[in-house]
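Notes follow the structure.
By convention in this document, chain letters (A, B, ...) are assigned in the order of the sequence lines, proteins followed by strands, and residues within each chain are numbered from 1. Keep in mind that what you see is a predicted model, and the values were worked out from it rather than measured.
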Protein chains: 2
Amino acid sequence: MDPRLIAAFRQFQRTVTREVGALHGDFLDRGRPLAASRMLWEIGDGDVEIASLRARLGLDSGYASRLLRALEDEGLVEVAPSPTDARARVARRTRAGCEEVVELDRLSDDGARALLAGLDENEQAELAAAARIVTRLLSRRHLEVSLEDPDSPEAQWCVQQYFEELQATFDAGYDPAAALPTASDELAPPHGAFLVVRYHGQPVACGGVKLPEGEPAFLKRMWVAPSVRGLGVGGMLLDSLEARARDAGATFVRLDTNSALEAACRMYEHRGYVQVPDFNGEVHANRWYAKSL
Amino acid sequence: MDPRLIAAFRQFQRTVTREVGALHGDFLDRGRPLAASRMLWEIGDGDVEIASLRARLGLDSGYASRLLRALEDEGLVEVAPSPTDARARVARRTRAGCEEVVELDRLSDDGARALLAGLDENEQAELAAAARIVTRLLSRRHLEVSLEDPDSPEAQWCVQQYFEELQATFDAGYDPAAALPTASDELAPPHGAFLVVRYHGQPVACGGVKLPEGEPAFLKRMWVAPSVRGLGVGGMLLDSLEARARDAGATFVRLDTNSALEAACRMYEHRGYVQVPDFNGEVHANRWYAKSL
DNA sequence: CCATGTACCTGACTTTAGTCAGGCAATGCC
DNA sequence: GGCATTGCCTGACTAAAGTCAGGTACATGG
C-alpha cells in the first residue's frame, strides 16, 4: 500500500480527532456522563435490544445496565421486556428522550456550523463533498447485503418501515391492500429475491426483485432508512438486485415509483433508468422506470 | 447555511468519530493512561515548554504535572529547567520515548491500513484525496500568517530549521556563510517582509521577501515544517508573500531553489512559476523561478 | 422436568480523568 | 530589597469509566 496514502490518512486522523472528536465530546456534555449521552443517541428511534446496544458501544454488561438505569431515572428512555424473549429487554426513547436527542442534534449542528463558518461558500461545498466521500467509503466496511426470506422478522420490519414512510409521504396516504399484490414466494428463489442491507448489523435497507420467466425483472419495495441516506446504500442495493436479475437471465428491469420519492427517482435516473409509460396500473405510482441490463 | 451541508457534515462527524476516533483510542492504549500517550505524542521531537504542552492538551497544571511524572518514571521523557527561565521547565523525549512514539505511529499506520484494506485501489485513492481536502480545510482555522521581525526568536528558530533541513537534504550539505548574504533589514519593512505561519500557535513555516526598489521582488527562506506538509501551508505563505510584493508595487517575483527540494519545486510550478536562467549565481541553487504578479 | 446456558441486574471494587487549594522557587518591577 | 506574579509541584479531593464476581429469571434441548 502506498505509504503516501497512509501518511495522508494519518494526518487526516490527527486533524479529525482534534477538530471533530473534541467537538463531539463537547456537545454531548449535557450534565450527564458522556457515555449516557452516547447510549441515548445510539438507541435510535425504535426498540433496541440491550445486548445490541452493548455490542455497538463496546460496554460491559454491568456498566451498560447502570447507564441505562440512569437514563431511565432521567425519564429519557423506557426499558421493557423483549416481546420475543422474556430474558432480554429492549430500550426505547421516551418523548423527553427524543426531544433531548433533537437538542443534541441541534448542538451538534451548531458545532458543525462553527467549523464551517471560517470557510467561504466554495470551500464549504468542497468540504461537504469530501466529507461525503469519506463517510461513504469509511462506512462501506460495515455494510453488508444479504439474501433474506421475505417473511423473516427483519425483512418484515424493513417492509413495515417502507410502508410507514410511504404513508407519511404520499398526500393520499398508502394502503398496502390497494397496491398490486406480491406474494412472498414471488420474492424468494427461484421466482425472485429479497435483499436486506445491514449497517453494523442493524437492518437499514431492503429491496426485492421479481423474476417472472420470460418477462422483464421487476423491482419492489426498495427502501433505505433515513439514518443512512447518503452512504451509497441505495446504489449498493440496486447493484445487487440487478446482479440477481442478470444472473437469472433477465435483460431488462422495470419498476414503478412515485415522484414524491425524489431522492429515489434521482438515484434511478443517475443509474441509467429511463421513464416509461405505465405498464402495470399500480394506483400508488405516478412514474415508471426501465433499464436494459 | 445550507442545511444539507450541515446534515452531510453531521453524518461525517458520526462516522469519523466511530471509525477513526475509536481507532485513535485503541492504538494509544499501551498499558498507560491514554492522556499520557497523548502527551508523549504531543511533546514532539524537540524541547517543549510544559506550559505550551498544557495549553495544547487543555490540561490542568496539577494533572499535567502528574502525567509528566508518570512518563518520566517510565523513562520515556526527561524534564529539565528551561534555559531561558529557571521557573519554567522543558520536556523532551528520551531515546526510549522516541522509540515508543515510532511504535505508536506504526500501530496507527496498521489501523489506517486496516481501514483502507476493504477498498480497491481507486477507492483508496479517492478516499485519500478526500481525506486531504478535509484535513486541509479543517486545519485552516488554526493557521495564521503574521509579519515578524526576522531577528525574533521564533523567526530565527524557523530559519534554523530551514538551514538544518537544507544541510540534511543537499548531498554537499548547506553552508549559510557560503550563500548570498541577506541582512535582516532586507527582510523587514520597508525593504522587505518576513512572515511566520503558526498552527495552533506553534510556528510551522516561514518565508521572506526582499523588495528592492525598481527591481523584481525576491523570495527567500521559504520553509514548511514536515509535520504540516499537505495542509496547504506553503500555498498560503506564497499567497501572502506575493500579496506583500504586489502591495509594494512589484510586478515580478523571482526565487532560487534546488531540484532536491522536490515538493517545493512542484508547488512553485503549480502556482505559475516558470524556470528562468541563473540570475544571481547562488552556489546552493541549481534552479531559478520567476512569475509575473 | 431437569441440566445447562443466556440475558440482565447488583454490589463491590479499581483505574482514569479532572479539579482545587495551597506551597515553593524564580522573576519582574518598582 | 520588597512585593506581586509566574510556573510548576503536591496533597486531597470528586466524578466518570470500566471490571468482576455472583445472583435471578427465563430459555432450550433432551
**Asked** Once you round to the nearest 0.5 Å, how far does CG of A:L71 lie from OG1 of A:T94?
**Response** 9.5 Å
**Item:** Residues touching DNA chain C, which here means a heavy atom under 4.0 Å, drawn from residues 42-67 of chain A
**Value:** A:I50, A:A51, A:R54, A:S61, A:G62, A:S65, A:R66
**Request:** Using atom types as modelled and distance alone, determine if a side-chain donor or acceptor of A:Q11 lies under 3.5 Å from a backbone N or O of A:A8.
**Result:** no
**Item:** Salt bridge present between B:R229 and B:E165 (N-O < 4.0 angstrom)
**Value:** yes
**Message:** Taking A:R198 first and then A:E144, would you say they form a salt bridge - that is, a charged N and a carboxylate O separated by under 4.0 Å?
**Reply:** no
**Prompt:** Just by distance, do the side chain of A:S184 and the backbone of A:D151 share a donor-acceptor pair under 3.5 Å?
**Reply:** no
**Asked** In terms of side-chain geometry, is the basic nitrogen of A:E19 or A:R14 positioned less than 4.0 Å from the acidic oxygen of its partner?
**Response** no
**Complete:** Rounded to whole Å, CZ of A:R38 lies from C1' of D:dA16 at a distance of 11 Å
**Item:** Under the ring pair (Phe, Tyr, Trp, His ring centres under 6.0 Å) test, residues paired with B:F9 that sit two or more places apart
**Value:** B:F12
**Item:** Side-chain ion pair, B:R221 and B:E148, N-O less than 4.0 Å
**Value:** no
**Prompt:** Bend across the helix from C:dC1-D:dG30 to C:dC30-D:dG1, to 10°, with axes taken over 5 pairs at each end?
**Reply:** 30°
**Asked** Going by an N to O cut-off under 4.0 Å, is there a salt bridge joining A:R93 and A:E78?
**Response** no
**Message:** Reading DNA chain C from 5' to 3', where do the contacts with chain B start and stop? Cut-off is 4.0 Å to heavy atoms.
**Reply:** C:dT16 to C:dT27
**Item:** Between A:W223 and A:Q161, a side-chain donor and acceptor under 3.5 Å
**Value:** no
Could you give the side-chain donor-acceptor pairs of residues 101-109 of chain A under 3.5 Å, partners two or more places apart or in another chain?
residue: A:E103; atom: OE1; partner: A:R106; partner atom: NE; Å: 3.3
residue: A:E103; atom: OE2; partner: A:R106; partner atom: NH2; Å: 3.0
residue: A:R106; atom: NH1; partner: A:D110; partner atom: OD2; Å: 3.3
residue: A:D109; atom: OD1; partner: B:R10; partner atom: NH1; Å: 2.8
residue: A:D109; atom: OD2; partner: B:R10; partner atom: NH1; Å: 3.2

**Message:** Expected output is a numbered-order residue list: members of residues 77-86 of chain B with a heavy atom under 4.0 Å from any atom of DNA chain C. What is it?
**Reply:** B:D85, B:A86
**Item:** With B:M39, the side chain to side chain contact (heavy atoms under 4.5 Å, CB included) member among B:I50, B:L53, B:V48, B:L34
**Value:** B:L53
**Fill in**
Separation of D:dA27 atom P from A:R89 atom CZ, nearest Å, is 14 Å
**Ion pair check, A:E42 and B:R18, cut-off under 4.0 Å** = yes
